[in-house]
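Structure first, commentary second.
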Amino acid sequence: MRRAGACDAFTLESSSRQKGGQPSIPRRIVMMMMNLPWALRCALSIVLLGVVFYVAWKPLRQQQQRQQQQDDDNQKNHHHHRIRKEPPPPTAWTIRKDLTISTGELPGYTGWARPEFTLAGYFEVVAADPEKDEQSPLWSIPPADGHDSESFVSIVVACRGHVLCSIDGATTTTSGGSTFFVRAYGPAVVTGRAEWVDTRNKSPASIVVNASSGYRITLGPLVDAGLYTVEVVLSFSRPPSVHQFPLTLEPEQPYTTNYEGYLLPGFPRLLEVQRETKDAPTAVSHPQLPLCSMNDLTIRNATDGLRQGRWRVVDSVRQSTLRTTAHQGKDATTVALSRYQHSYNSLGIVMDYQFVNCRLLPLPTPTLPNPLEHCLGDPSPPQLQQQQEQEPTKKMIHIILIGDSVMRLQYQFFKKHYMSEEHQQPNSTIKLDFYELYGGYFLTQLVNGPKLRQVLFQDQQQQQIVSHRIILFNTGMHDIHRLCGNEFASERTTYLPAAMLQQPCSQLYRAAIQDFMNIVLPTTTTISERPQQQQQQKPLMSMARRTTILFQTTSAAWPKYGNWGVNWDPRYGQPLPLDSSFVQDFNEIAVDTVASHWKEYQRQQQQQPRQQNDENGPVLLYMVDSYWMSLARPDHREINKLHEIGKKLSHPGVEVVSAMVRVWTLVILRLLCG
């Protein structure tokens with residue numbers, strides 16, 4: 001006799017026939033199962049119950065698995081990559097209080113050969129502004145406002161205890177005094193300059209015994225509140241004057257022209273920039289600042305660029321809030337040359353050059369229209385509120401870049417980011433040309449070319465007249481090296497006249513700048529052309545309705561303190577003239593020459609008949625800085641896979657090139673669209 005159980009549920013009256021017909025399909029299945037053995041009926045019942053449970057439970061389980069996978073991914077990204085999967089950051093960086101550079105996070109001395117003789121150990125701080133305890137390990141100041149010259153940090157250092165410390169009171173850093181590299185980094189990076197002062201004119205409390213001279217160290221604008229590390233590095237103890245180069249004889253011992261690069265005693269030193277109030281932000285939010293005007297963007301002397309801006313820290317790999325555009329959706333653990341060049345795989349600190357009182361336009365992106373394209377059409381870009389009267393014809397501009405390899409980098413950068421494929425066509429509204437002065441100005445104009453007078457007037461035979469021509473010009477690095485370096489003494493005899501060979505390189509450089517200015521703004525006979533050839537050429541201004549000349553100062557080439565990743569040869573030092581301080585001396589010569597020539601040109605134009613002036617288009621001249629913005633960034637130089645020393649010493653990195661291009665591009669936009 002079989003046992004009764006749960007399986008007997010299938011033997012109920014539900015198995016009876018329906019009246020007047022065949023049983024339904026479910027009932028027929030039940031009837032078939034009733035005829036099966038009891039054990040088999042129990043097994044089939046369990047299977048059917050399992051199928052029903054699986055069908056009901058599967059969607060819920062899938063939802064739980066998706067949620068668990070999402071939680072695991074978020075946990076993994078937070079603890080391992082520390083990178084949030086977010087869309088690209090906004091076009092203007094947002095100020096964050098946690099972004100700063102700690103002491104030692106930027107490289108200092110990096111292993112090149114240095115001479116044993118140095119006066120670094122004989123220097124000390126003799127005065128600081130504001131007047132605080134000079135022996136305190138922490139200086140504290142209110143933030144600078146960028147306008148008042150008194151708000152900039154000033155430190156006086158003096159040399160004592162050595163016979164070579166004393167120099168003539170009339171001597172300056174460009175004619176025999178010590179030279180320095182100055183840097184302060186924290187929430188931002190700024191550089192500084194040193195100028196000779198007479199410490200005997202200070203108050204008695206600031207005078208150091210036996211110190212007849214000192215150097216006032218002025219830092220750039222410290223507008224971002226936070227803790228800074230200040231470095232004052234002695235580059236050369238007693239270098240020869242720039243007017244003595246090229247050197248005919250090696251300096252007598254212990255004089256040396258080899259780079260030293262020793263920190264002065266008491267440095268690095270901490271400097272706290274206070275907040276105006278306890279709850280005040282660390283800096284003015286970048287998007288709130290107005291767009292830079294022509295006065296903000298241009299300079300009037302060789303030191304204006306020091307006060308224009310600073311390198312603001314905008315991203316850091318070691319922060320959990322890292323937001324990077326370098327990965328572009330790829331695995332963040334991948335190491336690549338491009339990410340090394342953009343600091344993500346190298347120092348891990350990303351900076352943006354920001355003006356103190358205004359802002360630059362960001363680079364064009366797929367979501368941010370190209371402002372130059374808007375400017376050349378209708379309407380003007382929304383960032384430029386003011387607009388001049390619309391011209392009846394389509395605007396056609398011709399941008400001409402003239403310079404060395406740093407200008408070539410800017411040319412390539414501008415072409416990549418500001419010129420679409422349509423603008424690179426022959427009939428585009430933008431025409432872009434670059435002429436490289438490889439070897440320096442005189443070597444190209446007298447021998448190798450390109451001959452600037454010829455290329456600047458090559459459009460004369462074309463019927464199409466552009467509405468605006470912009471000439472961006474610089475010559476500097478090659479001139480310094482070729483005209484001042486003893487290694488090029490033999491080469492100079494192949495292209496320079498005998499009379500010019502007897503002149504110092506500083507005077508030759510002044511002549512080179514003067515010669516170029518005479519080509520674009522003729523006032524006197526140029527060196528590179530004969531008088532009759534010059535008279536046959538029409539003025540450059542007659543080829544365009546408007547011509548603007550932009551002179552860009554030479555970038556801070558050959559930085560060594562803070563420059564890293566270079567295959568330094570331990571057998572040799574690096575002598576003058578290959579140093580950033582030497583570049584600034586030549587920038588002062590160039591700026592003075594350009595300004596003087598412009599003044600003379602305007603004077604002569606006022607004396608000419610009005611009818612003759614009306615035949616020429618209006619001419620404008622501006623100067624822009626590239627020296628001070630690049631001097632602050634020895635840590636960011638051009639990098640290739642071989643870490644070539646020439647590129648690392650001569651060329652700035654992509655962040656610096658971007659800032660240079662964005663400055664003069666905004667100048668062009670201001671000229672075209674107000």
Between Ala188 and Arg310 the two heavy atoms that sit nearest each other are CB-CG, 3.6 Å

- Item | Polar side-chain atom of Asn345 near backbone of Ala336 as donor-acceptor pair, under 3.5 Å | yes

Determine yes or no for a side-chain-to-main-chain donor-acceptor pair under 3.5 angstrom, with Arg312 supplying the side chain and Pro187 the backbone. yes

Residues 554-578 vs salt bridge (charged side-chain N to carboxylate O under 4.0 Å, His left out), sequence neighbours excluded, gives Lys560-Asp579, Asp569-Arg571

Quiz item: Would a 4.5 Å heavy-atom cut-off, applied to side chains only, mark Leu666 and Leu291 as touching?
Solution: yes

Rounded to the nearest 0.5 angstrom, the CZ-CG distance for Phe355 and Leu289 is 11.5 Å

The reported gap from CE in Met419 to OH in Tyr411 (rounded to nearest 0.5 angstrom) is 8.0 Å

query = Are side-chain heavy atoms of Asp635 and Met351 found at a separation under 4.5 Å?
reply = yes

After noting the C-alpha distance and the side-chain angles of His651 and Val406, does the key distance pass the side chain to side chain contact (heavy atoms under 4.5 Å, CB included) rule?
-> CA-CA 6 Å; His651 298 164; Val406 175; 4.1 Å; yes

Interatomic distance, CG@Leu219 vs CD1@Ile155, rounded to 0.5 Å, equals 5.5 Å

- Counting distance only, does the side-chain N/O of Thr553 pair as donor-acceptor with the main-chain N or O of Ser626 below 3.5 Å? yes

| message | Could you check whether any side-chain heavy atom of Thr665 comes within less than 4.5 Å of a side-chain heavy atom of Tyr418, counting everything from C-beta outward? | response | yes

| said: For Val182, is there any backbone N or O sitting under 3.5 Å from a side-chain donor or acceptor partner on Thr191? | reply: yes

**Study point:** Main-chain N/O of Ala556 paired with Ser630 side-chain donor or acceptor, under 3.5 Å
**Key:** yes

From the list Gln308, Arg193, Arg307, side-chain contact (heavy atoms from CB on, under 4.5 Å) with Trp628 holds only for Arg193

### Task
With the side chain counted from C-beta on, respond yes when Ser555 and Met660 share a heavy-atom pair under 4.5 Å apart, and no when they do not.
yes

Value for CG (Leu264) from OG1 (Thr118), rounded to nearest 0.5 Å, stands at 8.5 Å

Separation between CG (Leu263) and CZ (Phe180), nearest 0.5 Å, reads 12.0 Å

(Q) Students often mix this up, so state it plainly: with edges at 30° and 60°, are the rings of Trp112 and Tyr259 parallel, tilted or perpendicular? (A) tilted

In short, salt bridge (charged side-chain N to carboxylate O under 4.0 Å, His left out) pairs touching residues 638-655 with sequence neighbours left out are Arg633-Glu655

**Request:** Please answer whether the main-chain N or O of Tyr344 pairs with a side-chain N or O of His342 as donor and acceptor at a distance below 3.5 Å.
**Result:** no

**OP:** Could you give me the CA-CA distance, side-chain angles and deciding distance for Thr554 and Asp479, then say whether side chain to side chain contact (heavy atoms under 4.5 Å, CB included) is met?
**Re:** CA-CA 11 Å; Thr554 302; Asp479 301 273; over 6 Å; no

Shortest non-hydrogen pair, Gly192 vs Leu631, comes out as O-CD2, 4.3 Å

**OP:** Give me the ring orientation class for His417 and Phe413: parallel if the planes are under 30° apart, tilted from 30 to 60°, perpendicular past 60°.
**Re:** tilted

Using only heavy-atom distances, determine whether the side chains of Asn563 and Thr110 contain a donor-acceptor pair under 3.5 Å. no

Determine whether Met623 and Thr298 satisfy the following criterion, side chain to side chain contact (heavy atoms under 4.5 Å, CB included), listing intermediate values before the conclusion. CA-CA 5 Å; Met623 294 183 287; Thr298 57; 6.0 Å; no

*If we only count heavy atoms from C-beta on, is the Leu271 to Leu222 side-chain gap below 4.5 Å?*
yes

Taking every heavy atom of Gly562 against every heavy atom of Arg183, the minimum-distance pair comes out as CA-NH1, 4.2 Å

Is the closest side-chain heavy-atom distance between Leu106 and Ile349 below 4.5 Å? yes

For Ser346 and Tyr340, the nearest pair of non-hydrogen atoms, with its separation, is OG-O, 3.0 Å

Scanning both residues in full, the closest heavy-atom pair of Trp311 with Ala632 reads CD1-CB, 3.9 Å

**OP:** On the 0 to 90° scale, with breaks at 30° and 60°, tag the Phe473-Phe551 ring pair as parallel, tilted or perpendicular.
**Re:** tilted

request  = Without swapping roles, check the side chain of Tyr185 against the backbone of Glu231 for a donor-acceptor pair under 3.5 Å.
outcome  = no

Checklist entry - Is the backbone of Val654 close enough, under 3.5 Å, to the side chain of His636 for a donor and an acceptor to pair up by distance? => result yes

request  = Output yes when Asp352 and Arg662 qualify as a salt bridge under the 4.0 Å nitrogen-oxygen rule, no when they do not.
outcome  = yes

Salt bridge (charged side-chain N to carboxylate O under 4.0 Å, His left out) pairs touching residues 104-119, sequence neighbours excluded, are Glu105-Arg318

d(Tyr627 OH, Gln584 CD) to nearest 0.5 Å is 5.0 Å

Whether the side chain of Ser237 engages the backbone of Leu119 through a donor-acceptor N/O pair (distance < 3.5 Å, no angle test) should be reported. yes

Is Tyr353 close to Ser658 at the side-chain level, that is, under 4.5 Å between some pair of heavy atoms?
no

On a heavy-atom basis, the closest approach of Leu297 and Cys292 is CD2-CB, 3.6 Å

Exercise for the section: For side chain to side chain contact (heavy atoms under 4.5 Å, CB included), just list the numbers for Tyr228 and Leu270, CA-CA rounded to whole Å, side-chain angles, deciding distance to a tenth of an Å, and then say yes or no. Expected result: CA-CA 6 Å; Tyr228 288 80; Leu270 295 180; over 6 Å; no

#### Entry: Side chain proximity check, Leu649 to Leu578, heavy atoms < 4.5 angstrom
no

- Side chain Glu195, main chain Arg216, donor-acceptor under 3.5 Å: no

task: Anything under 30° is parallel, anything over 60° is perpendicular, the rest tilted; go ahead and classify His481 against Trp558.
output: perpendicular

Discussion item. Angle between ring planes, Tyr215 versus Phe123, binned at 30° and 60°: parallel, tilted or perpendicular?
Written reply: tilted

